[in-house]
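Single-structure report; data block below.
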Amino acid sequence: MRYLISVIHDQAGLATPEEDAAIDVFNDRLRAEGHWVFAGGLASPSTATVIDNRGGEAMVTDGPFLESKEYLAGFWIIEAADLDAALKLAAEGSKACNRKVEVRPFL
Amino acid sequence: MNGIDAHEAITKAHHEEWARVVASLTRRFGDLDIAEEAAAEAFATAVQRWPADGVPPNPGAWLTTTANHRAIDRIRREIKRDDKHKEAQMVYDDDPPEPVGAIDDDRLRLIFTCCHPALAMETRVALTLRMVAGLTMPEIARAFLVAESAMGQRITRAKAKIKAARIPYRVPSAEDLPARVSGVLAVLFLVFNEGYLATGPGTDPVRHELTAEAIRLARLIRVLLPDDGEVAGLLALMLLTEARRPARVSAGGELVPLTEQDRGAWDAELIAEGHGLVRERLAAAAAGVAPGRYQILAAINAVHTSARDIRDTDWSQVLALYDQLVRLDPSPIVTLNRAIAVAELDGPEVALAIVDRLAEALAGYHAYHATRADLLRRLGRSRESRAAYDRAIELAGNTAETAHLTRRRDQVR
């Protein structure tokens with residue numbers, strides 16, 4: 001079972017060196033225990049571009065699809081047996097990156 | 001076999017077997033929705049058949065078998081209709097749980113799934129009342145004063161989340177068990193309190209069906225987790241509170257405070273059962289097991305229900321227990337209740353000084369203003385007392401309590 005762990009943040013600024021180091025330790029553990037699928041940090045929402053090609057002509061909009069104080073700062077995709085296992089890992093991930101996270105199952 | 005006997009047998013089976021049927025089907029089919037529907041159909045079939053055919057010798061086994069057939073029928077229909085039908089994928093752990101004094105019972109898995117921390121509190125309450133207690137959707141909706149459709153949606157969404165997010169069907173590990181049990185007890189306490197101090201205009205001040213359900217569920221969990229002190233504590237607390245119910249609302253529909261209740265009207269049987277549980281936990285505490293908050297609250301209620309007359313109340317014992325509770329839970333509400341015992345021992349002035357320090361934290365809590373009003377009244381500070389009663393009346397949501405506070409205010413001259 002795969003879960004998306006979204007990292008939610010409400011302030012500008014990237015992870016500090018201490019946070020980066022803690023994230024590395026957590027990622028190594030995910031790999032060692034077979035939970036790792038993929039993970040990454042994202043550039044700030046102001047670097048986003050929205051494309052809408054539903055009408056046949058791609059509309060390009062500068063900025064994120066939703067302006068909000070809280071934004072997606074990064075994510076993990078993990079493999080876990082069930083929600084209890086995923087929530088435990090998410091709790092550790094939140095501690096490591098020092099940010100709030102959201103857990104959501106893949107279909 | 002006549003219809004009345006069959007009807008009684010169905011009611012009894014519903015109380016005793018509903019959770020077992022839902023739990024064993026959930027385990028077998030890995031799907032709460034299928035289990036719930038099949039259990040409901042099995043009981044509906046019993047309603048049709050038992051009056052004519054007679055009550056089967058083992059009603060529980062009959063209901064489980066019938067529900068199993070109904071579930072298989074539904075799964076076959078779904079497979080026929082939808083080739084892409086995926087096998088239900090709720091996970092459960094087939095190993096027996098770690099030895100924590102628990103009996104391995106599917107009902108325990110069911111309870112922990114319904115009270116999972118990833119579900120909102122109101123969802124846990126609704127799901128537990130439906131899946132474990134077997135209340136119908138209209139009954140649950142009525143109990144919490146929400147529209148039936150809204151309650152139905154809440155339960156449907158919860159079942160979908162449990163399935164999609166893979167909330168497991170198992171007894172938590174020993175390491176997680178205390179926190180998860182306390183989550184389950186919080187659900188039961190909420191159901192009980194909603195019954196005991198029902199809110200909302202025009203509702204009965206006490207909704208016995210909710211207090212009774214909460215007690216029934218607590219008894220079940222006590223059977224499943226006999227060594228858990230907090231389970232015993234919460235059950236005792238509920239029993240000792242429920243025991244006072246007959247004396248708690250006057251014939252005129254007014255709340256009667258503990259100090260003025262007719263103690264002869266209290267339910268002696270429930271008190272004896274509650275005291276037995278408290279004694280059991282006192283013995284454990286003497287052996288070095290630190291009591292949790294429900295056990296301490298139960299002990300406080302045991303002191304009150306031991307006094308044949310309000311004047312016989314051992315207030316120093318009550319205060320000692322509150323001191324213990326404050327160390328565990330230094331919340332403003334506990335401090336407020338402790339102040340009531342302080343008033344009896346050291347006088348209203350000392351108590352008022354404690355209560356006044358809670359002004360900011362409890363400004364929106366009716367009991368804070370009611371307690372203050374009572375202390376001010378005892379100190380002869382009438383004008384302030386009336387103002388505090390006014391505020392308490394504004395904030396109280398229970399009809400009997402409003403009636404009581406209004407009378408009290410009007411008595412202050």
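Small disclaimer: the values here were computed from a predicted structure and weren't measured. Only this structure's heavy atoms are used, side chains among them; waters, hydrogens and symmetry mates stay out. Just so we're on the same page: letters track the sequence lines, and every chain starts at 1.
Atom CZ of Phe38(A) is surrounded by 12 or fewer heavy atoms from other residues, nucleotides or ligands within 6.0 Å. More than 12 heavy atoms of other shown residues, nucleotides or ligands fall within 6.0 angstrom of atom CZ in Arg31(A). Crowding of Leu42(A) atom CG: a count of heavy atoms from other residues, nucleotides or ligands under 6.0 Å exceeding 12.
Proximity to chain B at a heavy-atom threshold of 4.5 Å picks out nothing from residues 55-72 of chain A.
A salt bridge is absent between Arg166(B) and Asp84(A): the closest approach of a Lys/Arg side-chain nitrogen to an acidic carboxylate oxygen does not fall below 4.0 angstrom.
Between Leu83(A) and Pro168(B) the shortest heavy-atom distance is N-CD, 4.4 Å. Closest of all the heavy-atom pairs between Pro105(A) and Ala164(B) is CB-O, 3.3 Å.
Taken to the nearest 0.5 Å, the CD1 atom of Ile167(B) stands 8.0 Å off from the CG atom of Leu87(A).
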